[in-house]
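Below is one structure; the comments refer to it alone.
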Amino acid sequence: MINLKLSNGINLDIAYPIILKDKDGNTVYIQWLDGKWEKSEYTNGKRTYCEYSNGYWEKREYTDGECIYWENS
């Protein structure tokens, strides 16, 4: 945990990894203590795009729940 202080003096405790989820519970962003991160996009519960802080990315397309297209960097 990192203790930060806002300009108004309020302490802000941040616990790593930072994980953000969308309204459907899918993990859309993760950031680790060392600064590395991962972000993802979802359509109908399927991960359609992901990108990593090292520059690597993946893209997928689905029809009727089946992956019909996939590419990466």
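This is a predicted model, so every value here is computed, not measured. Each residue takes its place number in the sequence, starting with 1.
For CD of Glu71, the number of neighbouring non-hydrogen atoms (other residues, nucleotides, ligands) closer than 6.0 Å is greater than 12. Within a 6.0 Å radius of CG in Asp64, other residues, nucleotides and ligands contribute 12 heavy atoms or fewer.
Distance check, rounded to the nearest 0.5 Å: OG1 of Thr43 to CD of Glu41 gives 7.5 Å. Rounding to the nearest 0.5 Å gives a distance of 4.5 Å between NZ of Lys39 and CD of Glu51. Here the CH2-CG distance, from Trp57 to Asn72, works out to 6.5 Å after rounding to the nearest 0.5 Å. Distance check: Asp22 CG to Ser40 OG gives 10.0 Å after rounding to the nearest 0.5 Å. Note that CG of Leu20 and CD of Gln31 are 9.5 Å apart. Values are rounded to the nearest 0.5 Å. Between the OG atom of Ser53 and the CG atom of Asp34 there is a distance of 7.5 Å, given to the nearest 0.5 Å.
The two residues Arg47 and Arg60 have their closest heavy-atom pair at O-CD, 3.8 Å.
Linking ILVMFWY side-chain heavy atoms closer than 4.5 Å, directly or via other members, places Leu33 and Ile18 in a single hydrophobic cluster. Residues Trp32 and Ile19 are members of one and the same hydrophobic cluster, defined by side-chain heavy-atom contacts under 4.5 angstrom among Ile, Leu, Val, Met, Phe, Trp and Tyr.
Remark: the backbone N or O of Asn26 is not paired with any side-chain donor or acceptor of Asp24 at under 3.5 angstrom.
Applying the ring-ring contact (aromatic ring centres under 6.0 Å, His included) criterion to Tyr42, with sequence neighbours excluded, gives no partner residue.
Side-chain contact between Tyr52 and Lys36: absent, with no pair of heavy atoms (C-beta onward) separated by less than 4.5 Å.
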